[in-house]
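Heads up: numbering here begins at 1 and tracks the sequence. Just so it is clear, the structure is predicted and the values come from calculations on it, not from any experiment. In each ligand, atom 1 is the first atom listed, and ligand 1 is the first ligand listed.
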Amino acid sequence: MTAVRRSALALILWAAATAAAPAQNAWEADPEEIGYSRAGADTCYGCHGNEPGFQLDAMFLTAHGQPADERSPFGAGQLQCEACHGPGGAHTGRVKRGESRPHMINFGEGEIAPVQVQNDMCLGCHETHVGVAWDASPHGSDEVSCAGCHEVHIARDPVASDVTQPAVCYECHQNVRGDFLKFASHPVREGQMACTGCHSPHGSMTDALLVKANLNETCYTCHADLRGPFLWEHAPVPDDCSNCHRPHGSNHRGMLEKRGPLLCQSCHAPAGHPSVPYTSAGLPDGTANPNLLAGNCMNCHMQVHGSNHPSGAALMR
Ligand code: HEC
Ligand code: HEC
Ligand code: HEC
Ligand code: HEC
Ligand code: HEC
Ligand code: HEC
Ligand code: HEC
Ligand code: HEC
Ligand code: HEC
Ligand code: HEC
């Protein structure tokens with residue numbers, strides 16, 4: 001083997017060895033190994049800045065950019081940008097020709113840093129805010145990124161305001177947008193309330209992430225007058241409001257599951273109590289039964305949620 005060929009081989013072996021151990025991405029090695037960038041945010045600002053649609057500086061208008069708060073990423077002794085994006089030693093260093101820059105941890109669905117890694121960066125400071133229910137919740141267990149809902153390089157996080165929050169949720173829950181466009185719905189579109197009026201996005205005791213232990217308790221937080229107890233209860237009401245109502249919205253008055261008599265008749269047999277004019281049972285001798293005149297059950301049984309009147313047994317007063 002000639003000296004020239006031998007050195008060529010050495011070069012190939014060297015190249016193979018370095019390719020097998022490229023500089024590592026921020027989440028792939030011991031932070032001590034990658035190292036933090038020494039001048040903090042100033043180093044990052046050397047290459048990054050405001051761009052159309054992305055205001056790096058806006059963070060300094062939020063809780064995260066407060067040097068006076070020692071818990072903030074910019075508080076004394078904290079790691080500044082690297083508190084969230086991970087150690088930047090390799091990323092900020094010189095990149096050899098033909099190699100790609102080792103990545104920082106970036107945030108959101110579909111980013112190369114695994115979602116678990118992203119979320120751990122936030123949870124390091126926010127475990128107590130997010131709470132123990134997160135891991136088992138549909139968002140936690142389906143690996144939804146914190147940044148799927150939260151933006152931090154922005155003066156006001158859209159998910160934290162009632163007016164802008166629904167649009168964030170609809171990015172993943174398209175079908176729900178349709179519910180709130182129906183004829184009768186909770187005033188979410190009007191900005192009077194948001195999804196968080198009923199849901200705890202970080203997790204809760206219920207499947208549907210409700211703010212209270214069950215559906216009815218959730219409704220009572222705003223509709224306290226319907227909590228009862230009533231002298232005369234209507235059994236399906238304390239059982240579950242969604243026996244009759246669609247919580248988001250429906251195409252029937254009062255967000256009802258079905259309209260007028262059909263709703264009631266889904267549980268109550270018409271026998272003995274004719275109320276629909278177009279059955280022959282309702283027309284014994286060609287004369288309408290007096291109970292038919294009012295048409296809809298609620299015209300007589302007005303207290304459909306329960307009655308406190310001494311003679312309200314039939315929920316009529
Ligand atoms: C020498 C220039 C330079 C410096 C210094 C620098 N970056 Fe970068 N950064 C880049 C380039 C170039 C990209 C685009 C990389 C790509 O698309 O592959 C990038 C991408 C990123 C990304 C997107 C994720 C990724 O890595 O692809 C983040 C987040 C980021 N930088 C944060 C930082 C932070 C935080 C600092 C300070 C610790 C920093 N950068 C310092 C050049 C730099
Ligand atoms: C170094 C610690 C630290 C890290 C890391 C961190 N935060 Fe924070 N965050 C804070 C502090 C401190 C506050 C202010 C809390 C307070 O005032 O009670 C805050 C507030 C917030 C708030 C509330 C906003 C407000 O105006 O009150 C949200 C939302 C938030 N952080 C999300 C995140 C997300 C998402 C991540 C990960 C990308 C993250 N944080 C990473 C320290 C941190
Ligand atoms: C499904 C959307 C969603 C996801 C995912 C999510 N959050 Fe939130 N988070 C919210 C909403 C909405 C609020 C505002 C609640 C309110 O003020 O009504 C909030 C509030 C917060 C707050 C400030 C309020 C407080 O409790 O002190 C912090 C901090 C926070 N989130 C951190 C996180 C972190 C960390 C993660 C990831 C582990 C995360 N969030 C994931 C929707 C989400
Ligand atoms: C509190 C955690 C946190 C801190 C501190 C933080 N970032 Fe970010 N950064 C994020 C999140 C989350 C995103 C994703 C976009 C968003 O939510 O606004 C992001 C996005 C970015 C991006 C965009 C990458 C892309 O996709 O193009 C860059 C660049 C970046 N950050 C640089 C920085 C620099 C530089 C600093 C310090 C001045 C910094 N970040 C401080 C959490 C943080
Ligand atoms: C980045 C995508 C994403 C965003 C944004 C998001 N979610 Fe989710 N959500 C999911 C995933 C994934 C699941 C679990 C799978 C499923 O049930 O669809 C889920 C589940 C849920 C569930 C439980 C559904 C069930 O059947 O038990 C509720 C309630 C919910 N999300 C509410 C919200 C609210 C409120 C917001 C806005 C504050 C929001 N989500 C934002 C992805 C998202
Ligand atoms: C008035 C209370 C209320 C409001 C406001 C509300 N929800 Fe719900 N949501 C519920 C209840 C109750 C359920 C469970 C329904 C059931 O189990 O029958 C539910 C179920 C869900 C589900 C799972 C079932 C499905 O329909 O896909 C998702 C996702 C969801 N809500 C997202 C949202 C989003 C996003 C918003 C805001 C735009 C929102 N919700 C606003 C009460 C509410
Ligand atoms: C965060 C507060 C809040 C919660 C929780 C809440 N609601 Fe409401 N609800 C409202 C508001 C506000 C209105 C509109 C009142 C108005 O327009 O006068 C409303 C209206 C209604 C209406 C009448 C709609 C119409 O078209 O007349 C029904 C029915 C209703 N809610 C059922 C429920 C049910 C069922 C639940 C539990 C799943 C629930 N609400 C939980 C705030 C709430
Ligand atoms: C047996 C069926 C039924 C059940 C169960 C039921 N509702 Fe209703 N609710 C109705 C009907 C019918 C209306 C009248 C709708 C209309 O015509 O506008 C109504 C109207 C309402 C209204 C509008 C204003 C009012 O007070 O009349 C609210 C709010 C409401 N229901 C909340 C609830 C809540 C909260 C629950 C659970 C605690 C519940 N409903 C359970 C049938 C029911
Ligand atoms: C989900 C099933 C269900 C629906 C829907 C329902 N009910 Fe009921 N209703 C019941 C049950 C169960 C009772 C209790 C029967 C008993 O105690 O024997 C009851 C009792 C009643 C009573 C009192 C009966 C008595 O014996 O004193 C009246 C009146 C009544 N319902 C009217 C209505 C009207 C009007 C509607 C439509 C708005 C309606 N119900 C919808 C299940 C339902
Ligand atoms: C014109 C008024 C009127 C209309 C409309 C009406 N009811 Fe009645 N309902 C009554 C009267 C009166 C009673 C008997 C009350 C009593 O005996 O104290 C009654 C009794 C009942 C009872 C108690 C059991 C029984 O059969 O005596 C139920 C359940 C009931 N109605 C359900 C309905 C349903 C469901 C509808 C609609 C399909 C409806 N009602 C429509 C007037 C009406």
Side-chain angles (χ1 to χ4, degrees), residues 25-26 36-48 56 63-64 79-89 91-95 100-107 111-113 115-116 118-131 134-135 137-140 142-150 152-153 157-162 165 168-169 171-173 194-197 199-203 209 211 234 260-276 289-302 304 311-316:
N25 296 319
Y36 290 93
S37 77
R38 277 146 297 149
D42 290 344
T43 316
C44 315
Y45 268 95
C47 296
H48 294 284
L56 191 54
H64 287 132
L79 293 162
Q80 306 195 353
C81 313
E82 293 167 300
C84 292
H85 289 288
H91 175 83
T92 55
R94 290 229 348 245
V95 176
S100 60
R101 184 173 295 281
H103 291 289
M104 296 299 277
I105 293 168
N106 201 2
F107 295 88
E111 293 294 346
I112 53 170
V115 167
Q116 203 53 58
Q118 299 175 24
N119 289 359
D120 283 348
M121 297 310 286
C122 312
L123 287 168
C125 292
H126 289 300
E127 197 119 48
T128 53
H129 294 127
V130 171
W134 168 258
D135 281 336
S137 78
H139 289 136
D142 256 47
E143 304 221 324
V144 173
S145 162
C146 310
C149 288
H150 291 290
V152 303
H153 288 287
D157 184 359
V159 87
S161 142
D162 281 4
Q165 178 188 97
V168 176
C169 309
E171 280 171 30
C172 299
H173 297 291
C195 316
T196 41
H199 295 290
S200 289
H202 297 156
L209 293 173
V211 293
H234 188 196
L262 293 177
L263 172 72
C264 315
Q265 287 168 334
S266 63
C267 293
H268 293 285
H273 193 298
S275 57
V276 193
N289 182 301
N291 285 2
L292 296 178
L293 297 174
N296 204 335
C297 318
M298 283 87 83
N299 287 331
C300 297
H301 302 287
M302 284 181 291
V304 66
S311 48
L315 309 177
M316 291 197 283

Has ligand 1 got any nitrogen or oxygen that is less than 3.5 angstrom from a nitrogen or oxygen of [X]?
| X | value |
| --- | --- |
| Arg101 | no |
| His91 | yes |
| Ile105 | no |

Check your understanding: If we only count N/O pairs under 3.5 Å, is His150 in contact with ligand 3?
Key ->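 Between His150 and ligand 3, an N or O pair is found under 3.5 Å apart.
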Practice item. Report yes if His139 has an N/O atom closer than 3.5 Å to an N/O atom of ligand 3; otherwise report no. Key: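 It does not: no N or O of His139 is found under 3.5 Å from an N or O of ligand 3.
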Which one of [options] has a non-hydrogen atom at the shortest distance from [atom]?
| atom | options | answer |
| --- | --- | --- |
| atom 40 (N) of ligand 1 | His103, Arg38, His48 | His48 |
| atom 2 (C) of ligand 10 | Gly260, Ala313, Cys300, Ser311 | Cys300 |
| atom 26 (O) of ligand 3 | His129, Gln118, Glu143, Glu171 | His129 |
| atom 12 (C) of ligand 3 | Gln165, Glu127, His64 | Gln165 |

Point to revise | Polar proximity ligand 10 side, His301 side, N/O cut 3.5 Å exclusive | key: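 Yes.
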Tell me which protein heavy atom sits closest to [atom], plus the residue, atom name and distance to 0.1 Å.
| atom | value |
| --- | --- |
| atom 29 (C) of ligand 3 | His126 ND1, 3.3 Å |
| atom 3 (C) of ligand 1 | Cys47 SG, 2.7 Å |
| atom 37 (C) of ligand 1 | Cys44 SG, 1.8 Å |
| atom 15 (C) of ligand 3 | Thr196 CG2, 4.4 Å |
| atom 36 (C) of ligand 3 | Cys146 SG, 2.8 Å |

Practice item. Report yes if some heavy atom in the side chain of Ser100 is under 4.5 Å from a heavy atom in the side chain of Val95; otherwise report no. Key: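 Ser100 vs Val95: side chains apart.
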Check your understanding: Looking only at heavy atoms, is any part of Glu111 under 4.0 Å from ligand 1, and if so is it the side chain, the backbone, or both, or is it neither?
Key ->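 For Glu111, no heavy atom sits under 4.0 Å from ligand 1.
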Review point. If every non-hydrogen atom of Leu209 is compared with every non-hydrogen atom of Pro138, which pair is closest and at what distance?
Key: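 Where Leu209 meets Pro138 most closely, the heavy atoms are CD2-CD, 3.6 Å.
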Review point. Within a distance of under 4.0 Å, is there any protein heavy atom near atom 43 (C) of ligand 3?
Key: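 Yes.
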**Study point:** Any protein heavy atom nearer than 4.0 Å to atom 17 (O) of ligand 3
**Key:**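 Under the 4.0 Å cut-off, atom 17 (O) of ligand 3 has no protein heavy-atom neighbours at all.
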**Study point:** Nearest to atom 8 (Fe) of ligand 3 - the N/O/S atom of His202, by atom name
**Key:**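 In His202, the N, O or S atom with the shortest distance to atom 8 (Fe) of ligand 3 is NE2.
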Any chance you could measure [X], atom [atom1], to [Y], atom [atom2], to the nearest 0.5 Å?
| X | Y | atom1 | atom2 | value |
| --- | --- | --- | --- | --- |
| Ser37 | Gln80 | OG | CD | 8.5 Å |
| Ile112 | Met104 | CD1 | CE | 11.5 Å |
| His268 | Cys297 | NE2 | SG | 8.5 Å |

Review point. Leu123 heavy atoms, cut-off 4.0 Å: which ligand 3 atoms fall inside?
Key: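 Result: 38 (C).
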**Study point:** Where ligand 1 meets Thr43 - atom numbers and elements under 4.0 angstrom, heavy-atom basis
**Key:**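 Numbered from 1, ligand 1 contributes 5 (C).
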Review point. Can you list the atoms of ligand 1 that are under 4.0 Å from a heavy atom of Cys81?
Key: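 By the 4.0 Å cutoff, the relevant atoms are 35 (C).
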Review point. Is the distance from atom 8 (Fe) of ligand 3 to the nearest N/O/S atom of Cys149 under 2.8 Å?
Key: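 It does not: Cys149 brings no N, O or S atom closer than 2.8 Å to atom 8 (Fe) of ligand 3.
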